[in-house]
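Here is the structure we will look at.
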Number of protein chains: 2
Amino acid sequence: MNGAQSLIRTLVGCGVDVCFTNPGTSEMHFIAALDQVPEMRAVLGLFEGVVTGAADGYGRMTGTPAATLLHLGPGLGNGIANLHNARRARTPMVNIVGDHATYHRALDAPLQSDIESLARPVSAWYREARSPEALGTDAADAVAAAFGPPGGVATLVVPADVSWTEAGDPAPARPRPAWATAPVDAVEGAAKAMRSGEPAVLLIGGAATRERGLGAATRVALATGGRLLCETFPARLQRGAGVPPVERLAYFSEMAARQLEGARHLVLAGARSPVSFFAYPDKASDLVPEGCEVHCLAGPGEDAASALEDLAEAVRASAVDPVLQAARRPDRPHGALDGSSIGAAIGSLLPEGAIVCDEANTSGLFALGATAGAPRHDWLCLTGGAIGQGLPLATGAAVACPDRPVLCLEADGSAMYTLQSLWTQAREGLDVTTVIFNNRSYAILAIELGRVGATPPGPRALDMFDLGRPVLDFVALAQAMGVPASRATTAEEFTTQLERALHARGPALVEAVI
Amino acid sequence: MNGAQSLIRTLVGCGVDVCFTNPGTSEMHFIAALDQVPEMRAVLGLFEGVVTGAADGYGRMTGTPAATLLHLGPGLGNGIANLHNARRARTPMVNIVGDHATYHRALDAPLQSDIESLARPVSAWYREARSPEALGTDAADAVAAAFGPPGGVATLVVPADVSWTEAGDPAPARPRPAWATAPVDAVEGAAKAMRSGEPAVLLIGGAATRERGLGAATRVALATGGRLLCETFPARLQRGAGVPPVERLAYFSEMAARQLEGARHLVLAGARSPVSFFAYPDKASDLVPEGCEVHCLAGPGEDAASALEDLAEAVRASAVDPVLQAARRPDRPHGALDGSSIGAAIGSLLPEGAIVCDEANTSGLFALGATAGAPRHDWLCLTGGAIGQGLPLATGAAVACPDRPVLCLEADGSAMYTLQSLWTQAREGLDVTTVIFNNRSYAILAIELGRVGATPPGPRALDMFDLGRPVLDFVALAQAMGVPASRATTAEEFTTQLERALHARGPALVEAVI
């Protein structure tokens, strides 16, 4: 058994049995070993941004890391943007980065680069394998680090000679330590704040945006009169009919400041203290209101849902019935196609158990409200602000959950970053419906230009937001990669096409011209 | 004048008047300033890999840096692969990376990352701007560092508040220091080696692969009986009828070893000592034959062409007439479409003054021989092995040389990395003809799998090289981004379509199904 085989067998033994990959020469022994270890499913992406984003989607939906297999520094480089998003989502993931043979590096061959320097900023854990005998142990350690707590992206660099040399047995899976419960004084401090009678906000994030955490948080808010918010871009928000609804902290800091206005206490459960996404001249970056005390109930590596249940008990809210979202759907829309009618169509059609990957940016704002009372579903957000996440995320979520429909809401500009994802969806027959919001512009930037005070923009500035010269034909792009596609210009067309796409198994794309 | 305006005016004053960009919120003041400084041409790319690869192509053809404008760590990350290639090509380039406002960073907002750690591996020079007053100086220093010697990628990180705050005057251009001439003893040592009567090889690279260096190197080889080779992947090789021809060191190390076999002296002029691209079990990584002495005539930062002229004088070769490539073209091909007939078609049609960007990998080997006697042209190679370079490189070369036809030879797998380049070509009306070699596979990897000793491959391994499930339709992909395209399945069809594409102004694509 060579190193590569020991590596793959260890990963499989640790529960990591999907590998998203775009390999190169230095990874050939890993690829060859796929035939020896059929338990490992390899999913090919045409670009590493697809690979890392898919691993993020997979990890968010399963709680188990997928592996990636990347080709040296440049292959890792291509995956960095979506690794950044995964890092912000705290998604468990095991990056395997192939490297030159150990003795080859001193020669500074053309593909040589400083992999560690590239990997560290996106990795919660980093190691370079040094011997084939230890490779199994390295892999088991990487998986353990990915699971955490607190978990995240674990990057293991594997030199080619470590892969191809005879190795020892695979390493067994490490025990999985329980996530820490919140300290008693953190629970007591949060309880005191929520019951103080002063305006208090409970801000939840991370693992607390699933049903258990939402239930406890809602009870706390009801019992104490405090305000419940969830972070702006949750990694995975469970929502829909029968699930406690939660208001999100707004993206625009002016709006977020209004949501937090007057708060004297801010209790954080799995969420970070709120800050503005970008800095703006003469606007606050730190969104905690003046005079507001911040209490950390559960931080990274702590079980936020369990802490919220402890808090519910401490504020005597355990027996309170949480408000659950009522079932309601908008009517099928008519007339003009715009963000509002697209939202209504999605809300009227969203299937039970759907996974929504949302990178629709400015255009998708209506979809959230319109789906609030749709059947129970998951909503996955752009956690790190690095665009090009939606299509890969949907790809990985569909691999993770083959029995659930995946709906990807995608802005035109962001779609063009990692559009190759569609080919992987076609190749694997994944049940992903992609909606492209084609407004032929980087619309968010036109807004942000004004917000940073750089107005009025001239024609040369505006030209940098214009995606309409030439117009991108997303129907042709999708079909060229094997994904059936159609274009809608009215609400009726869109609704009919979306319905057809959602009903068909396998990938489909609807381009909404807005 | 704010920092952004001071920055752009300084760049323009230093001769940097093209900026390839995909901006975000933190770069909005730079974008707004484009209307104040019309001398700066901004070229939008739909992905940062397009942006950095285009800046590489521009810098290779003009010798002057283009600027890039990138959005924080993830935007830089998306550009890293082609920055890696540019670093290997020693291309002058000024990366401007927008960052959060200085006071915003401590808050660790979602897009915050360690930009320096990401940038250092691909940058010859790095600085973070700290004040608007000094931003002009920073920019002038960056341009000076990009020009060198030895020159390369200079990365300047510009926090948003440094851009938007009132700044001082633009800084003047720095004096441009001359490249060092080779030391006398290096010339004497090389001369002694070449005239030793023992087998000697002169290996040229870097700036020595232009006409002046080629002429001097050819004279040295003729006068001394030594063998002349150029590096495997030159950044820019001048060639064609009337130019001294040069044999390239082979990519496969077994073949390269045969080219160097028996050499007792190896003289390097602008080239690095030859090493295998990858390591292979039981094959040498260092390609210098045993017992061969290596002599460095000109290293990085030294004027290799001038050193070769000094060497020619030292070996009394100055008056020797170099052998020049005779004009000859293959006939228009007939019959089956394959690498050979595609090469013949290109050789029969290549226009005078063409710039060939070669990322055809396995399929393009014939094109080089078939164009040897074509009219004078430039040949640009994949210098760093990070695929996804060809289309962006061609885009930048076409911006640099609007009066010259650009021909991009592109493998299907590599094309899919940065296909968004076609949209920029359409938007800017660039005269680029792209040939896609569609063999529906990562063919190089099937070869490399055997070379690393991981044979025989099973079906699951081979599936990772298969790009035919589903087949990619490059004609539809190109048309969807505004580039006229056609598909050829015979030599006659290909030749006719290539001829039409080369004659038409503006971008065009021919998909060769092989």
Side-chain angles (χ1 to χ4, degrees), chain A residues 23 25-26 28-29 31-32 34-35 42 44 46-47 73-74 77-78 80-81 84 88 100-101 104 107 109-111 113-114 117-118 120-121 160 164 275 277-279 281 285-286 384-386 416-417 420 426-427 448-449 452 454 457-458 460-461 464 469-470 472-473 476-477 479-482, chain B residues 23 25-26 28-29 31-32 34-35 42 44 46-47 73-74 77-78 80-81 84 88 100-101 104 107 109-111 113-114 117-118 120-121 160 164 275 277-279 281 285-286 384-386 416-417 420 426-427 448-449 452 454 457-458 460-461 464 469-470 472-473 476-477 479-482:
Chain A
T25 298
S26 39
M28 282 301 102
H29 283 85
I31 295 301
L34 291 172
D35 285 285
L44 182 62
L46 293 179
F47 181 70
N78 286 330
I80 277 175
H84 171 87
R88 290 298 183 185
H100 283 312
H104 196 72
L107 301 174
L111 268 165
S113 66
D114 184 347
S117 188
L118 296 174
R120 287 274 185 200
W164 76 51
V275 302
F277 205 87
F278 291 105
S285 279
D286 187 340
M416 289 305 294
Y417 266 57
Q420 307 95 330
R427 186 176 215 247
E448 294 283 26
L449 188 79
V452 299
R460 303 181 81 237
M464 292 296 109
R469 184 162 61 80
L472 289 157
D473 178 346
L477 288 167
Q479 290 169 342
M481 289 189 269
Chain B
T25 299
S26 38
M28 282 302 102
H29 283 85
I31 295 301
L34 291 171
D35 285 285
L44 182 63
L46 292 178
F47 180 70
N78 286 329
I80 277 176
H84 172 87
R88 291 298 183 185
H100 283 312
H104 196 70
L107 301 175
L111 268 165
S113 67
D114 184 347
S117 189
L118 296 173
R120 287 273 185 200
W164 77 49
V275 301
F277 204 86
F278 290 106
S285 279
D286 188 339
M416 288 306 293
Y417 267 57
Q420 307 95 329
R427 186 177 217 247
E448 294 283 25
L449 188 79
V452 299
R460 304 182 81 238
M464 292 296 109
R469 184 162 63 80
L472 289 157
D473 178 345
L477 288 167
Q479 290 170 342
M481 289 188 270

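Quick note on labels: first sequence line is chain A, next is B, and so on, each numbered from 1.
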Quiz item: Which of the residues A/Phe277, A/Phe47, A/Phe278 is involved in the greatest number of heavy-atom pairs with chain B at under 4.5 angstrom?
Solution: A/Phe278
Exercise. Tell me, out of B/Ala160, B/Pro457, B/Ser117, B/Gly77, who's got the most heavy-atom pairs with chain A below 4.5 Å.
Key: B/Ser117
Self-check item: Residue B/Ala42 versus chain A: region with a heavy atom under 4.5 Å
Solution: both
Quiz item: Is there a side-chain contact between B/His84 and A/Leu111 (heavy atoms, below 4.5 Å)?
Solution: yes
Self-check item: chain A contacts, top residue of B/Gly384, B/Ala101, B/Gly73 (heavy-atom pairs, under 4.5 Å)
Solution: B/Gly384
Exercise. Answer yes or no: is there a side-chain heavy-atom contact under 4.5 Å between B/Gln479 and A/Asp473?
Key: no
Exercise. Pick one of side chain, backbone, both or neither for A/Val452, based on which atoms fall under 4.5 Å of a heavy atom in chain B.
Key: both
Quiz item: Between B/Leu44, B/Asn78, B/Ile80, which residue shows the highest count of heavy-atom pairs closer than 4.5 Å to chain A?
Solution: B/Leu44
Quiz item: Hey, does A/Leu472 have a side-chain heavy atom less than 4.5 Å from the side chain of B/Leu46?
Solution: yes
Exercise. Between chain B and each of A/Gly458, A/Ala386, A/Pro23, A/Pro470, count heavy-atom pairs under 4.5 Å; write down the option with the most.
Key: A/Pro470
Self-check item: Residue, of A/Ala426, A/Ala461, A/Pro281, that accumulates the most heavy atom pairs under 4.5 Å with chain B
Solution: A/Pro281
Quiz item: Picking from B/Ser113, B/Gly385, B/Pro110, B/Pro74, which has the most non-hydrogen pairs under 4.5 angstrom with chain A?
Solution: B/Pro110
Self-check item: Pairs of heavy atoms under 4.5 Å with chain A: top-ranked of B/Ala279, B/Gly482, B/Ala81
Solution: B/Ala279
Quiz item: Once you round to the nearest 0.5 Å, how far does CG of A/Leu477 lie from CE of B/Met481?
Solution: 5.5 Å
Exercise. Anything under 30° is parallel, anything over 60° is perpendicular, the rest tilted; go ahead and classify A/His29 against A/Trp164.
Key: tilted
Quiz item: Using non-hydrogen atoms only, which part of A/Arg427 is less than 4.5 Å away from chain B: side chain, backbone, both, or neither?
Solution: both
Quiz prompt | Among the listed options B/Ala32, B/Ala476, B/Ser26, B/Ala109, the residue most often paired with chain A at heavy-atom distances under 4.5 Å | solution = B/Ala109
Quiz item: Closest approach of A/Ile31 and B/Met464, non-hydrogen atoms and distance?
Solution: CD1-CG, 4.0 Å
Quiz item: Do you know which of A/Asp286, A/Asp114, A/Leu118 has the most heavy-atom pairs under 4.5 Å to chain B?
Solution: A/Leu118
